[in-house]
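Working notes, structure below.
Every chain is numbered from 1, with letters handed out A, B, ... down the list of sequences.
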Number of protein chains: 2
Amino acid sequence: MREQASSPAFRRAEPDARRLSLIEACARVLAKNGPTGASVRVIALEAGVSAGLVGHYFGGVDALVAATYDHVDAQVSKALDNAVATAGAVPHARLEAFVTASFTPPIADPALLATWIAFWSLVTTRKDIARQHDEQYAAYRARLETLLGDCGVPKADQRLHAIAVTAMVDGLWLELCLSPGCFSGGEAREIARRFLATITGR
Amino acid sequence: MREQASSPAFRRAEPDARRLSLIEACARVLAKNGPTGASVRVIALEAGVSAGLVGHYFGGVDALVAATYDHVDAQVSKALDNAVATAGAVPHARLEAFVTASFTPPIADPALLATWIAFWSLVTTRKDIARQHDEQYAAYRARLETLLGDCGVPKADQRLHAIAVTAMVDGLWLELCLSPGCFSGGEAREIARRFLATITGR
DNA sequence: TTGCTTGTTGAACATTCGTATAACAACGCG
DNA sequence: CGCGTTGTTATACGAATGTTCAACAAGCAA
C-alpha cells in the first residue's frame, strides 16, 4: 500500500497566476466577511494555499488589499470601456454609456463595495495608499473630461463638471450597494441621464 | 508617609456620561488608527478607563461603533439644522444652506469619514446595522424632500430629486475627505449650487 | 535517472485580540 | 461614622492575529 505517485501535495504556479488567485480570494473574503474578517489565514485558506504565501508575494495584508483594489478597479475600467465601445460613435451616447454602466452589473455589486471600503479605510492611515487613490480617481476623471469635451463641453468647464459627475456617480453607486432596496439601478440611470443633459445642454 | 486620602484611583461617572466619553474616544481612535486599529483596549486607553468598561456598557466593538455613528450623525444633523436656521426664511436659501453645509467644517472633516467608513464596513455583514443605516439615510432624504417641496418642487418629483441631491452631496463629501487636495470646499459648494438651480428651476 | 532551483508548506514565535470574572474602591445612604 | 451598592479595575484565559524561517518537494534541466 504505497502512496499514489501521481498525487502531488501541492501545485507550483506561475508567480503572476498565484498573485492573481490570492487577489481574487482577497476580494471574495472581503465581500463575505468584511475588512475585519479578512485575515492572512482566512484569505490563504480561501485561495487554497498556506498562510505564508501572502507574506511571500505581498508582504502584508495592506499591500494585498491595495493590489486587490487595483485589480478590481482595472476590471471596472474594462467594463466601462466595453460600455463605451458598445454605445457606438455618437458622443452623447458614449458619455451616457460610460456613466450609467456603473449602475448595472457587474459594477453595481455590493461585493465590489467591500473592496472599496477596505481600501478607503487605509487611505487616511497610509500615505502611499492615499497617493494610489488620488491617481486612480484622477484617471477616472480624465476619461470623463475627454468624453465631456467630445460632447462640446468647453475646456474651461470640463474639470468642475467632471468632478460633479464623478461625485454623482459615486454617491448613487455607494447608496445602491449599501441599501439596494432604496432605489433601483434604473432610477439611478435616469437620475444620471437627466444630470448629464443639464451639463451638455441636452 | 501615608497616601493622600484625597486622590481617588478612579472616578465614578454617570452611565450616560461614561458612555459618551467612550463614544468620543472611539471616534478619535477611528480617525487616528482606522477601523483596524480600533480595538477595545486602545479605545479604553484613549478614554482613560479600563478595557472591561467597553464590554460593560456596550458589549462589543460593533455596538460601540454603531453608537458612535449614531452620535456623530446626530452632531451632523445638528450642524445642518443650525445652517438652515441661520439662512433665514427664504426657501431657496434654506435648501442651499442645508446642502452646502456639508462642505464646510465641522462636517467636511476626514476624521468624520473614518467613523462613516467603519460603520459602512459593518453594513454588509450585520443586518441590524444595515437597518440602522437605512433609517438614518431615509431621515436625511426626508428632510431634503421637505426643503425641496418648500422650493416648489412637485411632490411627484421630490423622491428622485432627493436621491440625486443626496448622492451628489455624499460623493462630493467623500472625495473631499479622501483627497482634500483635489478640489476645494468652495468648489464643492459651487457645484452643489448649480445642481440645485437645475432642480428648482433657478 | 539525477541534480538543482525555488515555490510552498507547516510549525513556531511573540502579540494582540475579545470576553469573563473576582477583587477592589468610590460614593450615597443611614 | 460605618455599611452596602455597584461602577471600575485588574487579571486570566483561549483564540486569533502577523511574521518568520527551516525543511520539504514540485518541476525543469541535464
Show me, pair by pair, the donor-acceptor contacts under 3.5 angstrom made by side chains of residues 60-69 of chain B, not counting sequence neighbours?
unit_1 : atom_1 : unit_2  : atom_2 : d
D62(B) : OD2    : R126(B) : NH1    : 3.0
T68(B) : OG1    : L64(B)  : O      : 2.7

Side-chain donor/acceptor pairs under 3.5 Å, residues 107-124 of chain B, sequence neighbours excluded:
unit_1  : atom_1 : unit_2  : atom_2 : d
D109(B) : OD1    : A111(B) : N      : 3.0
S121(B) : OG     : A118(B) : O      : 2.6

Donor-acceptor pairs under 3.5 angstrom involving side-chain atoms of residues 79-91 of chain B: please list them, not counting sequence neighbours.
unit_1 : atom_1 : unit_2  : atom_2 : d
D81(B) : OD1    : R143(B) : NH1    : 2.4
T86(B) : OG1    : N82(B)  : O      : 2.7

Acceptor/donor pairs from residues 36-46 of chain B side chains to any protein atom, 3.5 angstrom cut, sequence neighbours excluded:
unit_1 : atom_1 : unit_2 : atom_2 : d
S39(B) : OG     : V42(B) : N      : 3.4
E46(B) : OE1    : K32(B) : NZ     : 3.4
E46(B) : OE2    : R28(B) : NE     : 2.6
E46(B) : OE2    : R28(B) : NH2    : 3.4

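The interatomic distance linking L45(A) (CG) with dG10(C) (P) rounds to 12 Å, in whole Å.
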Is there any protein nitrogen or oxygen under 3.5 Å from a nitrogen or oxygen in nucleotides 1-8 of chain D, and what are the pairs?
unit_1 : atom_1 : unit_2 : atom_2 : d
dT6(D) : O2     : R12(B) : NH2    : 2.4
dG7(D) : O4'    : R12(B) : NE     : 3.4
dG7(D) : O4'    : R12(B) : NH2    : 3.1
dT8(D) : OP1    : R11(B) : O      : 3.4
dT8(D) : OP1    : A13(B) : N      : 2.8
dT8(D) : OP1    : R18(B) : NE     : 3.0
dT8(D) : OP1    : R18(B) : NH2    : 2.5
dT8(D) : OP2    : Y57(B) : OH     : 2.7

Give each protein N/O atom lying under 3.5 Å from an N/O atom of nucleotides 15-18 of chain D, with the pair distance.
unit_1  : atom_1 : unit_2 : atom_2 : d
dT17(D) : OP1    : S39(A) : OG     : 3.0
dG18(D) : OP2    : V40(A) : N      : 2.9
dG18(D) : N7     : R41(A) : NH2    : 2.8
dG18(D) : O6     : R41(A) : NH2    : 2.6

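Shown here are the ring pair (Phe, Tyr, Trp, His ring centres under 6.0 Å) partners of Y57(A), two or more places apart in sequence or in another chain: there are none. The salt bridge (Lys or Arg N to Asp or Glu O under 4.0 Å) test applied to E24(A) returns no partner, not counting sequence neighbours. Taking F195(A) as the reference, F195(B) meet the ring pair (Phe, Tyr, Trp, His ring centres under 6.0 Å) condition, with sequence neighbours excluded.
Two residues are said to be in side-chain contact when any heavy atoms from C-beta on lie closer than 4.5 Å; V99(B) and L144(B) meet this criterion. When side chains are defined from C-beta on, I23(B) counts as touching F58(B), because their heavy atoms get closer than 4.5 Å. Counting heavy atoms from C-beta on, the side chains of R131(A) and K127(A) never come closer than 4.5 Å.
Shown for residues 114-123 of chain B: no residue has heavy atoms falling under 4.0 angstrom of DNA chain D.
Checking R194(A) against T198(B) by side-chain atom types alone, no donor-acceptor pair falls below 3.5 Å.
If one axis is set at each end of the helix from dT1(C)-dA30(D) to dG30(C)-dC1(D) from five pairs, those axes are 0° apart, to 10°.
The stretch residues 168-188 of chain A participates, sequence neighbours left out, in these salt bridge (charged side-chain N to carboxylate O under 4.0 Å, His left out) pairs: E175(A)-R141(B), E187(A)-R159(B).
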